[in-house]
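Values in this document were obtained by computation on a predicted structure and should not be read as measured data. Both ligands and their constituent atoms are indexed starting at 1 by order of listing.
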Amino acid sequence: MVTRGILIGRFQPPHKGHIEVSKQILREVDELIVGVGSAQESHTLENPFTAGERILMISKGLAEAGIDLSRVHIIPIPDVKNHAIWVSHVVSLSPPFSAVYSGNPLVKRLFKEAGFKVKAPPMFKRKEYWGAEIRDRMIKGKNWEQLVPKTVLEVMKEIKAAERLKDLSKTDYLLS
Ligand code: NAD
């Protein structure tokens, strides 16, 4: 029987930590499902990139790392207002899976309560390989390019990601 594990994240943006953890999961299961969470969100400081942009970046980053994409399924997962029904929402959108991989306490709790096997994979260089840190560096014009795979960087340049974040930082200031 094929074994599948799911990794759910916002991937804002996908970074080298996400790629490392994906490689690790694929040593344990036959297929990896990457759930792109908060799929309805884009163009905010916390969630600057659309689900489609994130899916493109993730598939390029995984391929660059030598991962066979026939073993990977990337699906968008919009949020729901009620945490108590989120797991069944994820199950309704995803290929079947038996294991859940997450370092996020809320994600772990919700899946454990629903009876799933939940594993917390090790964090790689969490201080740097961290979406909030990368977005902050992009806004401040600090070095961030080395924290994402080369092919992810290419997509980010194509969509003018740093420019978008800098504009969003001005917009949010005006709205607050
Ligand atoms: P994220 O992109 O920050 O992280 C995703 C996963 O990647 C983490 O759990 C962790 O296992 C791994 N990771 C991150 N940095 C790493 C590093 N340096 N090294 C190794 N692994 C690393 O995403 P997140 O914030 O955990 O995403 C959770 C998603 O689930 C969000 O979209 C959230 O809205 C959604 N969610 C929705 C509901 C709801 O709709 N009611 C409820 C719970 C969660």
Side-chain angles (χ1 to χ4, degrees), residues 4-29 31-62 64-65 67 72-95 97-138 143-149 152-153 155-156 161 165:
R4 286 185 208 91
I6 189 166
L7 173 70
I8 300 178
R10 287 184 298 118
F11 305 100
Q12 293 282 13
H15 51 62
K16 288 180 177 173
H18 291 132
I19 303 300
E20 279 309 311
V21 81
S22 300
K23 284 201 251 178
Q24 180 119 352
I25 295 169
L26 279 167
R27 284 186 209 116
E28 295 184 12
V29 291
E31 296 181 6
L32 167 68
I33 300 157
V34 182
V36 177
S38 306
Q40 81 287 1
E41 296 281 346
S42 75
H43 294 82
T44 68
L45 283 177
E46 280 240 304
N47 292 294
F49 309 117
T50 67
E53 288 166 343
R54 288 178 272 160
I55 288 170
L56 181 63
M57 292 189 256
I58 294 163
S59 61
K60 298 246 182 204
L62 294 177
E64 180 185 335
I67 292 172
V72 179
H73 314 280
I74 309 176
I75 58 163
I77 304 175
D79 291 330
V80 290
K81 287 206 187 302
N82 183 349
H83 287 329
I85 60 166
W86 182 65
V87 168
S88 48
H89 170 66
V90 172
V91 169
S92 79
L93 295 171
S94 174
F97 56 88
S98 52
V100 178
Y101 294 84
S102 179
N104 180 315
L106 175 62
V107 172
K108 288 195 290 186
R109 165 127 303 271
L110 293 175
F111 275 102
K112 265 188 206 156
E113 286 184 9
F116 279 89
K117 187 166 77 182
V118 177
K119 294 189 176 185
M123 289 287 177
F124 299 93
K125 294 194 193 170
R126 179 62 171 165
K127 281 189 187 152
E128 289 193 302
Y129 296 164
W130 180 27
E133 171 70 18
I134 295 171
R135 296 191 303 275
D136 189 58
R137 289 188 188 198
M138 289 170 76
N143 275 349
W144 60 272
E145 288 91 342
Q146 72 284 3
L147 306 178
V148 302
V152 170
L153 180 61
V155 176
M156 292 177 82
L165 263 161

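At least one side-chain heavy atom of Val87 sits under 4.5 Å from a side-chain heavy atom of Phe116. Side-chain contact check for Arg137 versus Leu147: some heavy-atom pair is nearer than 4.5 Å. Taking the side chain as every heavy atom from C-beta outward, Glu28 and Lys119 approach each other to under 4.5 Å.
Summarising the contacts of atom 9 (O) of ligand 1 with Gly103, Ala120, Pro122, the nearest heavy atom is found in Gly103.
The closest protein non-hydrogen atom to atom 14 (C) of ligand 1 is Arg126 NH1, 3.4 Å. Of the protein's non-hydrogen atoms, Arg10 N, 3.0 Å is the one closest to atom 23 (O) of ligand 1. Given atom 32 (O) of ligand 1, the protein heavy atom at minimum distance is Ser38 OG, 2.7 Å. Looking at atom 7 (O) of ligand 1, its nearest protein heavy atom turns out to be His18 CD2, 3.3 Å. For atom 22 (C) of ligand 1, the closest non-hydrogen atom of the protein is Met123 SD, 3.5 Å.
Residue His89 does not touch ligand 1, judged by heavy-atom distances below 4.0 Å. Counting heavy atoms under 4.0 Å from ligand 1, residue Val21 touches it through the side chain alone. Contacts of Val107 with ligand 1, taken as heavy-atom pairs under 4.0 Å, involve the side chain alone. When non-hydrogen atoms are compared, ligand 1 lies under 4.0 Å from neither the backbone nor the side chain of Gln12. Only the side chain of Trp86 comes within contact range of ligand 1, with a heavy atom under 4.0 Å; no backbone atom does. Only backbone heavy atoms of Phe11 (N, CA, C or O) come within less than 4.0 Å of ligand 1; its side chain stays farther off.
Those atoms of ligand 1 that come under 4.0 Å of a heavy atom in Phe124, given as number and element, are 17 (C), 18 (N), 19 (N), 20 (C). Per-residue contacts place Asn104 under 4.0 angstrom from the following atoms of ligand 1 (heavy atoms of the residue considered): 9 (O), 24 (P), 25 (O), 26 (O), 28 (C). Close contacts of ligand 1 with Tyr129, meaning ligand atoms under 4.0 Å from a residue heavy atom, involve 15 (N), 17 (C), 18 (N). Here is the list of ligand 1 atoms found below 4.0 Å of a heavy atom in Gly37: 32 (O).
Not one N or O of Tyr101 is nearer than 3.5 Å to an N or O of ligand 1, by distance alone.
Without hydrogens or angle criteria, Ser59 side chain to Leu56 main chain gives a donor-acceptor distance under 3.5 Å.
For Phe49 and Phe11, the distance between ring centers is not under 6.0 angstrom.
Protein heavy atoms all stay at least 4.0 Å away from atom 3 (O) of ligand 1.
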